[in-house]
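Below, chains carry the letters A, B, ... as their sequence lines are ordered, and counting in each starts from 1.
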Number of protein chains: 2
Amino acid sequence: MGGDHGPAETVAGAVAAWRAHGVPVILVGDEPRVTGELRRHGATGEIAVAHADDAVPMGERGAAATALATSSLAVGCELVGRGRGGALVSAGSTGAVVSCAVRGIGRSGVLRPALAVALPSLRGGATVLVDAGATADPSPAMMAQFALLGAGYARAVLGRPDPVVGLLSIGSEPGKGNRLTRQAGELLAALPLRFHGNVEGHDVLAGTVDVIVTDGFTGNVVLKNVEGCVRAALAMVAHAGIASSQQLAGVARRYDPETHGGAALLGLRGTVVVAHGSSPAATITRACVVAYALAGREPATGIAATAAERVT
Amino acid sequence: MGGDHGPAETVAGAVAAWRAHGVPVILVGDEPRVTGELRRHGATGEIAVAHADDAVPMGERGAAATALATSSLAVGCELVGRGRGGALVSAGSTGAVVSCAVRGIGRSGVLRPALAVALPSLRGGATVLVDAGATADPSPAMMAQFALLGAGYARAVLGRPDPVVGLLSIGSEPGKGNRLTRQAGELLAALPLRFHGNVEGHDVLAGTVDVIVTDGFTGNVVLKNVEGCVRAALAMVAHAGIASSQQLAGVARRYDPETHGGAALLGLRGTVVVAHGSSPAATITRACVVAYALAGREPATGIAATAAERVT
């Protein structure tokens with residue numbers, strides 16, 4: 001039911017995930033509406049539906065969302081929590097996903113979950129930005145856990161055996177930053193990690209490090225700023241008559257968050273992938289494929305256990 | 001003496017500011033070295049030099065810098081504070097400039113100064129980002145003052161009679177954000193301003209509003225992220241063989257912070273322009289021209305007085 005185009009696009013995306021990629025899906029939502037959408041694809045009976053009375057309205061704050069135990073998000077998280085689902089995919093608002101997932105799936109030893117997004121790097125490969133928006137006001141200890149979660153993600157998903165971790169700040173020297181970042185920096189330096197020290201805004205796409213740690217407020221601003229700036233730069237190139245929008249589409253796609261099929265919510269007892277609210281069917285399909293792969297490798301639980309051992 | 005290339009580039013830039021633009025300059029720094037640089041341009045006697053025993057080392061933290069009352073930065077600020085200079089230009093570290101300026105020039109009624117940078121907007125014109133790095137841990141009241149300072153800057157410098165002000169956050173609804181931003185949002189809504197509400201990372205270059213208010217930590221991360229993302233996008237275009245670096249140079253220049261000739265430090269009793277630490281001579285020249293124009297319009301004092309009246 002989530003996202004700006006749910007359930008039409010979410011159902012279409014799930015049908016394609018099953019038919020084209022063999023990802024087994026349970027759709028959670030208002031049964032008559034979901035079945036109606038399945039009928040349009042001739043897929044009734046082919047894909048299971050779990051009924052939920054309500055849906056969390058888009059833009060609703062997390063606190064309000066947790067009250068709705070009958071929402072599709074809460075029911076979906078419960079399915080994963082009880083082991084009936086291997087992973088949750090949602091295009092709902094991040095705040096609502098975080099609170100429902102903490103309640104229905106449970107944290108895996110960490111203080112707070114963190115959202116990890118793999119951004120394309122100029123050197124090729126990807127850089128993990130964590131937290132990209134799950135926890136807006138973390139403590140320094142939470143940020144140290146984010147570092148371990150992010151490093152675990154880089155190992156499990158990006159295949160970096162010993163990822164280099166940087167702390168996003170406003171100067172490369174250790175003492176630079178706001179209070180939160182300076183305190184987090186002291187904790188990060190003491191972790192069993194390849195800690196690079198501070199990185200800055202211009203390092204986000206430069207491939208300076210494998211993992212960039214920040215609080216969920218700064219991380220979410222940066223994530224959306226990356227999208228906006230790349231779009232602006234390409235629009236300027238098109239506007240200057242240097243290249244056509246068609247020629248630039250390939251570059252735009254590389255930086256489009258919808259291409260990447262969602263961000264992983266780390267630190268839970270199960271896999272959760274949050275897709276962009278504006279996700280079309282193809283993005284939902286990719287999010288399902290990513291979630292299926294993540295759940296198979298069980299990085300979420302593995303990473304969280306490591307984090308919990310090391311920082312409390 | 002400041003910047004990565006001082007005093008060679010700073011002196012060369014100042015000489016050009018005087019010769020090509022008629023900006024009267026006093027150079028502050030180690031007299032023998034500065035005079036030596038002036039000699040290379042045949043400009044001894046043409047431009048005044050005020051001696052300073054020391055220079056604030058680059059990368060030094062603000063606190064350490066204030067101890068150096070004999071630094072070129074402190075002496076320069078004192079000249080402006082005593083009215084002997086109309087404006088200060090520095091390519092030193094922002095933290096050092098802020099603390100020396102507060103001490104030597106003095107705040108103009110505001111709690112803390114804020115750095116304002118005019119970023120190019122996709123709709124044409126510019127968007128003011130404030131605070132871009134002066135105050136890393138502001139209070140909500142300080143951020144309300146930043147809004148008034150930024151609006152004053154947009155009126156005085158960008159010629160917007162009634163600028164629209166947005167608050168940088170992680171969701172468009174009023175309740176979204178971290179604690180600081182939510183509290184600042186309540187104060188901004190009560191100010192005599194055209195308050196648009198929250199804007200997000202993708203709005204920074206989109207021209208959604210005329211002024212974007214944020215804390216100095218997030219603002220500085222965003223400022224450097226803009227530079228890095230535009231550079232990355234253009235590099236990708238070049239790498240894909242769609243256009244050559246030469247063709248893209250014009251677009252790159254528009255987003256290059258060095259083109260804009262520095263950020264204005266607002267909320268002081270005099271004009272202060274902070275140039276990028278890596279500034280070459282041409283950027284220093286532009287910074288001098290901008291500072292001269294700003295001082296003529298006296299926006300700093302005017303803006304600060306307005307801010308002080310309205311928020312305490």
Side-chain angles (χ1 to χ4, degrees), chain A residues 59-61 63 93-95 120-122 133 136-137 168-173 175-182 200-206 214-237 239-240 242-244 247-248 250-252 254-255, chain B residues 59-61 63 93-95 120-122 133 136-137 168-173 175-182 200-206 214-237 239-240 242-244 247-248 250-252 254-255:
Chain A
E60 199 72 353
R61 291 182 63 186
S93 82
T94 305
S121 148
L122 253 190
D137 278 304
L168 189 59
S169 193
I170 57 173
S172 51
E173 302 87 0
K176 294 270 189 172
N178 56 8
R179 253 188 316 269
L180 173 64
T181 305
R182 289 199 306 269
E200 301 189 69
H202 48 74
D203 292 305
V204 172
L205 296 184
T214 187
D215 63 275
F217 180 82
T218 309
N220 193 264
V221 166
V222 163
L223 177 64
K224 290 171 181 165
N225 195 50
V226 167
E227 301 168 28
C229 291
V230 171
R231 210 182 302 141
L234 298 181
M236 289 285 300
V237 171
H239 192 252
I242 298 165
S244 71
Q247 287 178 296
L248 298 169
V251 176
R254 228 193 126 193
Y255 287 98
Chain B
E60 199 72 354
R61 291 183 63 187
S93 81
T94 305
S121 149
L122 253 190
D137 278 305
L168 189 60
S169 191
I170 58 172
S172 50
E173 301 87 0
K176 294 269 189 173
N178 56 8
R179 251 188 316 270
L180 173 63
T181 304
R182 289 199 307 270
E200 300 190 69
H202 47 74
D203 292 305
V204 172
L205 295 184
T214 187
D215 64 275
F217 180 82
T218 309
N220 193 264
V221 167
V222 163
L223 176 66
K224 289 170 181 165
N225 195 49
V226 168
E227 300 167 29
C229 291
V230 170
R231 210 183 300 143
L234 298 180
M236 290 285 300
V237 171
H239 192 252
I242 299 166
S244 70
Q247 288 177 296
L248 298 169
V251 176
R254 232 198 122 188
Y255 287 97

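In this structure the side chain of I242(B) reaches within 4.5 angstrom of the side chain of V251(A), judged on heavy atoms.
Contacts between A232(A) and chain B at a heavy-atom distance below 4.5 Å involve backbone atoms as well as side-chain atoms. For I170(A), the parts sitting under 4.5 Å from any heavy atom of chain B are the backbone and the side chain alike. For T181(B), the part sitting under 4.5 Å from any heavy atom of chain A is the side chain, from C-beta outward, and nothing else. Both the backbone and the side chain of L168(A) come within less than 4.5 Å of a heavy atom of chain B.
Heavy-atom pairs under 4.5 Å with chain B were tallied for S244(A), G171(A), A233(A), A240(A); the largest tally goes to A233(A). Of all the listed residues (C229(B), G201(B), G250(B)), the one sharing the greatest number of non-hydrogen pairs under 4.5 Å with chain A is G201(B). Counting heavy-atom pairs closer than 4.5 Å to chain B, the top-ranked of the candidates D215(A), V230(A), L180(A), T94(A) is V230(A). Considering only heavy-atom pairs separated by less than 4.5 Å from chain A, the leading option among H202(B), K224(B), E200(B), H239(B) is K224(B).
In this structure, D137(A) and R179(B) approach most closely via the heavy-atom pair OD2-N, 2.7 Å. The two residues A136(A) and N178(B) make their nearest non-hydrogen contact at O-CB, 3.6 Å. Of all the heavy atoms in L122(B) and A235(A), the pair that sits closest is CD2-CB, 3.9 Å.
Atom CG of residue N220(B) and atom NZ of residue K176(A) lie 9.0 Å apart, to the nearest 0.5 angstrom. Put simply, CG on N225(A) and CG on D203(B) are 10.0 Å apart, with the number rounded to the nearest 0.5 Å. Here the CG atom belonging to L248(B) is positioned 11.0 Å from the CE atom belonging to M236(A), to the nearest 0.5 angstrom.
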